[in-house]
Amino acid sequence: MGRVEDEWLWGWDLTPGIVSVWAVPDGRAFVWRRLPGTRALQRDDVRFRPWLLLASLGDLEHLGARLRPDSEGEAPGRVTWQELDGEGALRFVVRAADGSALAAAVLQGASRRLGRRIGRLRDLGPAAALELPPEEQYLVASGRTYFRELEFDDLRRMQIDLETTGLDPAHHRIFLIALRHPDGRVEILEARGDDDAAEAALVGALCDRVRAADPDVIENHNLHGFDLPFLARRAQALGVPLVLGRAGAPGLRRRPAARGARLPGDEADPMRRARYTVPGRELIDSMDAVRRYDFAARDLPGHGLKAVARHFGLADAAREQVAGARIWQTWTSDPERVRRYAAADVEEAAALARLLGGAAFGLARMAPRRYERLADAGSATGVLDPLLVRAYLRAGAALPAHAPGDGTSHSGAALHLFASGVAHRVVKADVASLYPSLMREYRIGPARDRLGVMLALVDRLVEQRLAAKARARAATPGSPERHADEALSAAMKIVVNSAYGYLGAVGLTRFADVHAANEVTRRGREVLALLCKELAGRGVTLLEADTDGVYFAVPDHFDESDERRVIAEVAALLPSRVQLEFDGRYAAMLSHEPKNYALKPHHGPLLLRGVAFRSSRAEPFGERFLRSALGELLRGDIAGVQRVYIETVTALRRRAVATADVTSRVRLTKTPAEYLAARANRRELAYEAAIQSGLSAWSVGDRIHVYRGSGGRACRLARDDDDGGDDDVSRDRRADPTRDYDVDYYVRLLRDTFAARLQRALTPETFAAVFADPEQPSLFASSLATARPILTVLLDPLREPPPDERGATAGDPSAPSF
DNA sequence: TTGTCGCGGGG
DNA sequence: GTGTACGCGACAA
């Protein structure tokens with residue numbers, strides 16, 4: 001590929017070491033760089049010429065002779081223009097020494113033309129004007145990007161974590177701040193007292209430490225969602241300045257951000273959200289990296305710091321744990337414990353930010369935006385679009401503006417359930433990056449992208465992703481390097497896949513093209529149908545196919561090489577860029593409903609997928625029953641399923657199940673006042689339980705554990721991990737002597753909710769026999785030793801090829817079984 | 001039951 | 001900046 005395409009992806013100015021950029025509309029840009037070799041920090045104060053794109057020069061005609069073509073050169077007070085080539089609404093670049101004056105001139109002309117006051121360029125609409133933030137104007141025009149010739153570990157990174165008396169900065173205070181310095185040293189700052197002066201001194205100490213350590217990057221988990229807004233509110237309330245930046249006026253500044261925190265005190269527009277920014281440093285929230293990672297990987301138990309750190313093996317086994325709701329209280333009785341807890345938080349945040357931060361770091365070397373913006377950007381409008389804009393301007397080509405669709409609706413992917421019930425010897429095959437591969441194979445790009453930039457970018461990004469995957473495979477399993485390459489690969493996959501989402505986002509993205517998007521999904525359905533048909537023709541039993549992958553069962557005489565051979569044979573029939581891959585093999589699978597199944601690997605624990613098998617509020621006894629019963633079922637031991645069921649029923653009846661195991665964790669979404677107002681009409685278990693337990697005040701969003709007591713009473717169990725008030729704190733650490741739950745209710749729940757998930761795997765007679773009441777044995781009980789799970793074929797891929805249309809084709813569940 | 005909306009997190 | 005493209009629970013209809 002040529003040099004021009006390289007510039008589209010990477011920019012063209014090779015200035016190394018940029019770690020932060022701050023630009024202001026008057027044409028000054030401050031560029032902080034770490035110099036190659038020494039890594040010493042240097043600030044370059046440079047000038048750039050602010051610019052914006054317009055559909056017409058009409059609104060600037062009032063400038064008269066001060067409006068000149070670029071070719072006549074710059075002069076004080078002069079606005080210059082350049083006309084871009086080709087089709088495209090945004091066809092004039094206008095430039096001036098001062099961006100504010102430039103925008104004001106356009107607004108003045110537009111107000112005069114429209115006969116009403118226009119206050120912001122945005123109000124002219126995206127087809128009339130495009131103005132980027134000053135830093136992005138600078139980066140787009142200069143062709144520079146962050147981090148050239150730097151490694152992630154060359155950054156000076158500091159982590160800060162606040163400990164507060166509660167979640168609401170209007171009522172609660174900061175009492176401790178944990179800092180992890182760039183050299184790895186952890187420092188704990190504490191308020192000396194519980195008054196304004198002590199808290200103000202603590203905030204001041206934080207600013208002193210940050211300025212002294214002078215980090216390029218400040219990180220924490222949920223930094224933008226909690227620490228920064230809390231800090232800003234407290235500093236405002238206390239009247240202390242927040243001098244955290246490297247230059248300019250003190251104070252955090254807000255920037256609008258779709259994924260930021262809701263603005264406090266701005267209930268007028270609940271959609272308005274903000275993040276914080278500061279000159280010279282990048283504010284990075286590791287939760288953004290976690291979300292981005294999990295979007296592709298989908299293997300995290302949650303996105304909280306502790307859960308993620310544990311998942312990645314970053315947490316010390318002896319890590320201090322304190323439930324959020326108990327931190328302030330613990331501080332008053334055992335401060336050393338809170339110090340250890342806060343220190344562990346910054347250590348884990350640092351490790352996590354390093355582990356998953358590679359993706360955004362990599363993006364910042366390509367796209368003309370600040371690192372902190374790329375860390376939280378959406379990939380379509382946040383990464384791809386800036387790359388496209390830069391490429392068009394580099395080529396001197398006019399840019400299309402957002403256009404409404406022509407009414408064509410967007411068609412989706414294929415989803416087929418071929419069989420339900422239990423299958424053995426199950427194989428999963430899938431196409432790597434199906435949609436981008438189809439775009440590349442058939443050269444499907446936006447009709448208005450006449451330079452072919454998107455396809456060139458997708459080609460590049462796919463190649464880079466394959467390289468990252470190869471590096472990950474070559475690295476030691478479980479090593480940080482491997483994790484980093486996997487995260488980078490996952491992020492590139494998101495960006496590459498966003499090319500398809502970008503196509504389909506009619507009216508929202510500049511080059512949207514629903515016809516191209518539909519062509520991609522049509523080709524995708526075609527590929528899936530072809531590979532299903534070809535697999536079925538080779539003697540395997542199809543189970544489920546979804547978008548780009550298929551589960552199937554192979555005959556008893558197949559070994560793994562046969563499985564791989566069949567996949568390779570079918571892969572050879574597909575277009576060259578569409579690569580069908582072996583994705584896994586399993587001893588057995590319960591196919592329940594589309595996207596709902598249980599897999600038994602040859603080694604290791606069961607994998608459960610879909611709402612039917614994973615529900616956050618499922619009672620633990622039911623989850624445990626379901627896991628054990630599925631284990632027995634997938635081993636083919638139906639008598640074993642019955643045994644597990646009888647054990648569970650018996651344990652409930654003997655009250656051998658702990659109360660905690662029949663509770664579900666629920667969120668309280670109404671305020672006490674709201675619930676009390678509606679209570680006469682409808683009583684709800686969770687709130688009744690809260691009230692009955694003596695919890696009279698709770699906050700919306702609090703989670704508590706509730707269960708149904710004998711006689712249908714609503715009961716609450718106070719536990720360490722709930723948010724209930726500070727009452728009855730220690731109840732759960734005592735024994736559980738009462739076990740006053742409603743046995744009949746939980747037996748019914750076991751049968752109707754949990755056992756029902758196994759229905760597809762058994763004949764109606766067997767199901768009735770297995771889940772008969774153990775105290776009233778069924779007539780069929782004796783036959784269970786020889787009973788086998790069943791598989792019901794719903795759709796024959798050879799005789800009735802899947803219809804080429806959107807949505808599930810689940811077939812007729814009452815079809816005959818064998 | 002089915003559609004729509006909002007959340008995920010932090011102390 | 002007003003789009004995440006998910007998965008799930010709460011709530012209204």
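In terms of the side chain to side chain donor-acceptor pair (under 3.5 Å) criterion, residue partners of A:E282 (sequence neighbours excluded) are, by chain and number, A:S20, A:Y146, A:R370. With sequence neighbours left out, A:Y435 forms a side chain to side chain donor-acceptor pair (under 3.5 Å) with no residue at all.
In this structure, CG of A:D168 is placed 13 Å from C1' of B:dG10, rounded to the nearest angstrom. One can place CZ of A:R510 at 14 Å from P of C:dG3, the figure rounded to the nearest angstrom. Going from atom CD of A:Q159 over to atom C1' of B:dG10 covers 17 Å, rounded to whole Å. Rounded to a whole Å, the CZ atom of A:R326 is 17 Å from the C1' atom of B:dG10. Nucleotide B:dG10 holds its C1' atom 17 Å from the CD atom of A:E219, rounded to whole Å. The nearest whole Å value for the distance from the CZ atom in A:R291 to the P atom in C:dG7 is 16 Å. Going from atom CG of A:L305 over to atom P of B:dG8 covers 16 Å, rounded to whole Å. One can place CG of A:L223 at 12 Å from P of B:dG11, the figure rounded to the nearest angstrom.
Across all strands, A:L162 comes closer than 4.0 Å only to sugar-phosphate atoms, never to a base (heavy-atom distances). As judged by a 4.0 angstrom heavy-atom cut-off over every strand, A:G501 is placed among residues making no nucleic acid contact. Residue-level contact check: A:D385 touches neither bases nor backbone, having no heavy atom under 4.0 Å from any strand. Residue contacts shown for A:L167 include a base, since a base heavy atom lies under 4.0 Å away.
The phosphate of B:dG11 has OP1 or OP2 within less than 4.0 Å of a side-chain N or O from A:Y341. A close approach under 4.0 Å does occur between a side-chain nitrogen or oxygen of A:R122 and OP1 or OP2 of C:dG1. Contact check, A:R173 against B:dG11: no side-chain N or O comes under 4.0 Å of OP1 or OP2.
Side-chain atoms of A:R369 lie closest to C:dG1 of the nucleotides B:dG11, C:dG1, C:dG3. Of the candidate nucleotides B:dG9, C:dG1, B:dG11, B:dG11 has the atom nearest to the side chain of A:T164. Distances from the side chain of A:P133 to the nucleotides C:dG1, C:dT2, B:dG10 place C:dG1 closest.
Taking the six-membered ring where the residue is Trp, A:F175 and A:W328 present tilted rings, their angle falling between 30° and 60°.
Here, B:dG9 and C:dG9 have their P atoms 13 Å apart, quoted to the whole Å. Rounded to whole Å, the separation between the P atoms of C:dG1 and B:dG8 comes to 24 Å.
Crowding of A:D194 atom CG: a count of heavy atoms from other residues, nucleotides or ligands under 6.0 Å not exceeding 12.
A salt bridge is absent between A:D376 and A:R292; no separation between the charged side-chain nitrogens and carboxylate oxygens falls under 4.0 Å.
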